[in-house]
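What follows is one structure encoded as structure tokens, with my remarks underneath.
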Amino acid sequence: MTVPTDPFTEQEEAFVLDTFAQYSPADLDPEQLETETLGLGIPYIPRPVAQAVVAVDHKIGRDTGRRLLRFARQVYRYLHHDIGERIRAEVRTELHRPGPRLVIAHSLGSVIAFDMLTRDDTGPGPDGLTTLVTCGSPLAWPTIRHSLGQDAALQLPDGLQWLNLHAAGDIVAQSGLAAVAPAVRDEPVSNGISNPHSALRYVEKQPLADLIVKAGAL
């Protein structure tokens, strides 16, 4: 998905602010933050969102808020815009091709995969599918779970196993999914410090390699 640059709606602003609330320092007054330091490289955003972006930078590090904002806007587009239905149509076709035994999904892809596998009109696909692997997943975000109608514990259909990889320092994945998905097998991994959310670093990890080998042997 491309980075959204169109103006915020009230609904999108509320989604972003609710999402950012868990990343902002509790003792920081957003009204005291200078948003001009964001510079010209970011499209116009409402002042409360700009303040939330700067608050994240204060807590986690410079430019973290800007990166998180781009990602949050992409997630919102999937969940609440027409582009989401176009994506679901493509994924639905792929899920129901014969043969796949596991689905590997990174970042926003993990939201899409979980959404598709739990939809009544899609289901888990062919009988051979056994496992969902999520990497760097934001499914622990309350805003995402609420948008998916999943305010209770996250569960996959019967017969599907779930492995989730989350890296230290990955601000999207945070501390994993075990707190919101009791049946998930949560595996912490190390992706380094320069880009811990990287898909390439996740897919080279041993727990995922072991699953691929096992699936190929079935």
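Throughout, numbering of the chain's residues begins at 1 and tracks the sequence.
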Side chain to side chain contact (heavy atoms under 4.5 Å, CB included) between L160 and L132, worked out: CA-CA 7 Å; L160 286 182; L132 170 64; 5.8 Å; no
If we ignore hydrogens and angles and just use 3.5 Å, is the side chain of [X] paired with the main-chain N or O of [Y] as donor and acceptor?
X    : Y    : value
T134 : S137 : no
R92  : M116 : no
D186 : L177 : yes
R185 : W162 : no

Rounded to the nearest 0.5 Å, what's the gap from [atom1] on [X] to [atom2] on [Y]? Could you check?
X    : Y    : atom1 : atom2 : value
L95  : R88  : CG    : CZ    : 13.0 Å
N195 : R67  : CG    : CZ    : 8.0 Å
S147 : H80  : OG    : NE2   : 3.0 Å
L148 : L154 : CG    : CG    : 8.0 Å
N164 : E187 : CG    : CD    : 9.5 Å
F114 : I144 : CZ    : CD1   : 11.0 Å

Is there a side-chain contact between [X] and [Y] in this structure, where contact means two heavy atoms from C-beta onward sitting under 4.5 Å apart?
X    : Y    : answer
L108 : V111 : yes
L129 : L117 : yes
S110 : P138 : yes
V184 : L163 : no
T64  : K59  : no
T19  : F71  : no
R201 : K205 : yes
L165 : P207 : yes

Donor on one side chain, acceptor on other, S175 and H166, under 3.5 Å: no
Examine the side chains of D170 and Q174 and answer whether a donor and an acceptor come within less than 3.5 Å of each other.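 Absent: no donor and acceptor within the cut-off.
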Apply side chain to side chain contact (heavy atoms under 4.5 Å, CB included) to V103 and V133, showing your working. CA-CA 6 Å; V103 173; V133 181; over 6 Å; no
Given the ring of Y78, does R86 sit roughly above its face, with NZ or CZ under 6.0 Å from the centre of the six-membered ring and within 45° of the axis?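 Pair R86/Y78 does not count as cation-pi.
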Report yes or no: is the cationic atom of R73 (NZ for Lys, CZ for Arg) under 6.0 Å from the centre of the six-membered ring of F8, at an angle within 45° of the ring normal?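 Yes, a cation-pi geometry holds between R73 and F8.
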Would F20 and W141 count as a close aromatic pair, with their ring centres under 6.0 Å?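 Judged by ring-centre distance (under 6.0 Å), F20 and W141 do not meet the cut-off.
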For the residue pair A140 and V180, what are the closest heavy atoms and their distance? CA-CG2, 4.1 Å
Just say parallel, tilted or perpendicular for the rings of H106 and Y202, cut-offs at 30° and 60°.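 Answer is tilted, since the angle falls between 30° and 60°.
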